[in-house]
Amino acid sequence: MVPGHRLNNQAWWSLGLVCLVSLLVMGHAALAADARESDLGPPMRFVVVRSNAPGCEPTCPEWISAEGTIEAGTPALLKRALKKLGGRKLPVVVDSPGGNVDAALALGRLIRKNKLDIAVGKTRFEGCLPDEKDCTDSEGKGAGYFGTAYADGSICNSACPLMFSGGVRRVVGQWAFLGVHQITTTYVKTKLQYRTTYRVVNGKKKIIGTKVVSRKNAGSYKTYEMSKAVEKRLAAYLKEMGVGQGVLTTMKNTPASGIHQLVPESMLRMDLVTSLDSVDLFTAGTICRANPLPANCREIPANRPALPAGSEPAEVPPAQPEIALREQDMRFVVVRGINPLCNPDCPEWISAEGAITPQTPQKLRQLLATLGNRRLPVVISSRGGDLSSALAAGRLIHEKKLDVAVARTDFVGCDPAKADCLADDGAYAGLSIDAGAECDSACALMLAGGARRLVGPQARLSLYLMGQRQVVKAYLEEMAIGPGLFTAIERRSVERQLEPEMMLKVGLTTGPQSVDALTGATICNASPKPDTCRMVPSPNAQADAPARL
């Protein structure tokens with residue numbers, strides 16, 4: 001102790017130093033072990049990627065690639081990335097094994113606050129890679145990174161589903177993986193050494209200040225049961241995000257040593273996903289052809305394909321803005337038969353015509369939601385399109401137990417594509433005709449989802465294996481179509497028309513009938529009456545009715 005002295009007739013005092021040692025127990029919760037303590041891989045990084053899909057320039061979709069382990073500092077990295085975007089709303093494409101729970105919750109809230117969509121997927125980069133230094137491949141192209149987003153083999157496990165829950169639209173797809181398990185809470189013991197400065201006044205110690213001078217790890221232990229406090233906190237978060245509590249129940253019931261992979265239908269039932277679409281919904285090169293233009297599509301005029309020397313841009317007639325360039329995106333409308341033989345009790349159907357795109361499953365789902373429990377047959381004519389979207393639409397048709405027939409719809413009165421053409425009592429007037437109708441490539445797989453599947457003698461169906469053999473094979477098995485169809489198309493290297501006898505033999509069609517079996521004028525005379533029939537009173541029905549008092 002330092003000797004004291006008297007000052008201004010005050011009491012004697014002295015200064016002293018003492019070192020105190022104590023143990024503090026501090027804990028943090030994580031769905032997987034902390035990345036610094038286990039091999040979860042590199043930390044998550046965020047980069048903006050522009051699609052390099054052929055033909056999409058100068059207007060292409062862009063997204064935020066989020067890949068890696070979620071750590072405590074990850075939310076700050078996302079904040080920094082969003083600040084650079086200046087308010088642009090790009091979807092997040094995430095691939096992560098999990099990580100820190102608190103950080104995952106913060107990421108989810110940050111994503112929701114900025115009203116971003118999210119999908120489970122990976123990004124295949126072309127040219128410059130995110131960790132590559134001094135790369136010049138992308139110079140002058142208006143974007144730092146180019147690539148393709150895909151679902152196959154991508155994961156969102158452990159804490160990642162909590163981050164995923166923050167998306168406005170949330171999709172996983174059939175070939176991505178989302179899994180949950182019980183929380184692992186790690187309590188870390190830390191030995192702290194303090195230096196305390198004090199002085200003695202009138203024989204009593206008075207502490208002036210305390211400072212930590214050393215910090216040492218004194219061991220740790222883990223628990224694998226969710227505490228009530230953590231459970232309450234996660235339940236409140238999921239409710240805040242509009243996600244069902246079934247997710248939390250599944251987490252609690254799955255040991256921390258395992259992982260419970262959620263199937264798409266369960267995720268939809270729990271409101272964890274907003275549709276059964278895949279990452280293509282946000283990143284496919286074709287989405288920038290939609291009107292209105294999606295928020296994540298950006299035009300870079302400098303990337304417009306160059307014209308041959310001396311040539312002038314071709315003028316497109318105003319009445320046909322996309323003449324011969326491509327088939328219009330598939331549209332779904334309810335049609336009511338106009339045949340005079342059926343009035344006022346006529347069959348109705350869903351007309352599905354155009355190219356299959358990433359928006360197709362969602363469009364179909366939206367239309368079906370307006371029909372309630374009515375099961376109308378789908379009358380389809382399409383030259384094909386996106387494979388994964390066709391499979392998603394086929395699964396939706398299969399889930400709703402809808403019949404499908406290959407045919408085209410001739411509209412009577414006006415075409416639904418025109419702005420001034422309005423549906424009458426919820427349906428457009430038309431006739432179904434199989435002559436001249438076609439269902440090619442991916443369309444045939446969409447047809448495979450039907451309960452009854454009809455291709456009339458005047459309709460045309462062709463199919464070949466478009467890659468992803470195992471995906472297509474598994475889908476056909478799921479649709480209860482025997483291996484004969486897959487064997488038949490596996491032998492084809494080019495697209496060829498299937499004969500009616502062959503389609504029936506391999507199980508692609510369920511009968512030799514044409515579309516008339518589903519939409520013919522006389523089907524409403526059957527007993528019991530099909531779901532497709534709906535009686536609409538004639539305009540003069542009220543005038544002809546007896547007067548009532």
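Below, all heavy atoms of this structure are taken into account, side chains as well, without hydrogens, waters or symmetry copies.
Residues Trp63 and Ser51 form a side-chain contact, since some pair of their non-hydrogen atoms from C-beta on lies under 4.5 Å apart. Counting heavy atoms from C-beta on, the side chains of Lys363 and Met330 never come closer than 4.5 Å. The shortest side-chain heavy-atom distance between Ile70 and Ser96 falls under the 4.5 Å cut-off. Residues Leu234 and Val247 form no side-chain contact, since every pair of their non-hydrogen atoms from C-beta on lies 4.5 Å or further apart. Contact of the Leu129 side chain with the Cys135 side chain is not registered, since no non-hydrogen atoms from C-beta on lie closer than 4.5 Å. Two residues are said to be in side-chain contact when any heavy atoms from C-beta on lie closer than 4.5 Å; Ile111 and Leu78 meet this criterion. Thr370 is not listed as a side-chain neighbour of Gln366, based on a closest heavy-atom distance of 4.5 Å or more. Between Gln362 and Arg169 the shortest side-chain heavy-atom distance does not fall below 4.5 Å.
Atom CG of Leu116 sits about 8.0 Å away from atom CG of Leu90, to the nearest 0.5 Å. A distance of 9.0 Å separates CD of Glu399 from CG of Leu368, quoted to the nearest 0.5 Å. Leu162 contributes atom CG, which lies 10.0 Å from atom CG of Leu107 (distance to the nearest 0.5 angstrom). Rounding to the nearest 0.5 Å gives a distance of 10.5 Å between CD of Gln359 and CZ of Arg289. Here SG of Cys160 is found 8.0 Å from CD1 of Ile155. Values are rounded to the nearest 0.5 Å. In this structure, Cys439 SG and Met446 CE are separated by 8.5 Å, a value rounded to the nearest 0.5 Å.
Thr254 contributes no side-chain N or O that, together with a main-chain N or O of His181, makes up a donor-acceptor pair within less than 3.5 Å.
Remark: Cys56 SG to Cys288 SG, distance not under 2.5 Å. In this model, Cys297 has its SG atom no nearer than 2.5 Å to the SG atom of Cys60.
Among Val180, Asp95, Val120, Ile259, the single residue meeting the side chain to side chain contact (heavy atoms under 4.5 Å, CB included) criterion with Asn157 is Ile259. Just one residue in the list Val49, Asn296, Leu293 forms a side chain to side chain contact (heavy atoms under 4.5 Å, CB included) with Pro61, and that residue is Asn296. The side chain to side chain contact (heavy atoms under 4.5 Å, CB included) test with Thr357 singles out one residue from Ile287, Leu281, Asp386, Asp329, and that residue is Asp329.
Glu240 is linked by a side chain to side chain donor-acceptor pair (under 3.5 Å) to Arg109, counting only residues two or more places apart in sequence or in another chain. For Lys239, the side-chain contact (heavy atoms from CB on, under 4.5 Å) partners two or more places apart in sequence, or in a different chain, are Gln245. In this view, Lys252 and Glu231 satisfy the side chain to side chain donor-acceptor pair (under 3.5 Å) rule, not counting sequence neighbours. Residues that satisfy the salt bridge (charged side-chain N to carboxylate O under 4.0 Å, His left out) test with Glu62, not counting sequence neighbours, are Arg50, Arg88, Arg298.
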Q | Test log, rule side chain to side chain contact (heavy atoms under 4.5 Å, CB included), inputs Cys156 and Val172 | A | CA-CA 9 Å; Cys156 180; Val172 175; over 6 Å; no
**Q.** side chain to side chain contact (heavy atoms under 4.5 Å, CB included) between Tyr145 and Thr123, worked out
**A.** CA-CA 10 Å; Tyr145 301 100; Thr123 299; over 6 Å; no
**Q.** CA sep, side-chain torsions, deciding dist, call: Ile64, Leu82, side chain to side chain contact (heavy atoms under 4.5 Å, CB included)
**A.** CA-CA 9 Å; Ile64 299 170; Leu82 294 177; 3.9 Å; yes
Q: Evaluate the criterion salt bridge (Lys or Arg N to Asp or Glu O under 4.0 Å) for residue pair Arg45 and Glu67; output intermediate values, then yes/no.
A: CA-CA 6 Å; Arg45 52 104 181 104; Glu67 298 188 10; 3.7 Å; yes
Q | Working for side chain to side chain contact (heavy atoms under 4.5 Å, CB included), residues Glu71 and Met44 | A | CA-CA 7 Å; Glu71 296 187 344; Met44 182 172 285; over 6 Å; no
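Closest heavy-atom contact between Gly394 and Met479: O-SD, 4.3 Å. Annotation for Ser389 and Pro361: closest pair O-CG, 3.4 Å, computed over non-hydrogen atoms. When every heavy atom of Ala352 is checked against every heavy atom of Phe332, the shortest pair comes out as CB-CE2, 3.4 Å. In plain terms, the two heavy atoms of Ile118 and Phe164 that are nearest each other are CG2-O, 3.4 Å. What you find for Ala393 and Thr360 is that their closest heavy atoms are CB-CG2, 4.5 Å. Nearest approach of Ala53 to Gly285, heavy atoms of both residues: CB-CA, 3.9 Å.
Within the structure, salt bridge (charged side-chain N to carboxylate O under 4.0 Å, His left out) contacts touching residues 124-153 (residues at least two apart or in different chains) do not occur.
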Which donor-acceptor pairs under 3.5 Å do the side chains of residues 261-280 make with protein atoms, sequence neighbours left out?
unit_1, atom_1, unit_2, atom_2, d
Ser266, OG, Arg269, NH2, 3.2
Thr274, OG1, Arg170, N, 2.9
Thr274, OG1, Arg170, O, 3.3
Ser275, OG, Asp277, N, 3.4
Ser275, OG, Asp277, OD2, 2.5
Ser278, OG, Asp280, N, 3.4
Asp280, OD2, Ser388, OG, 2.9

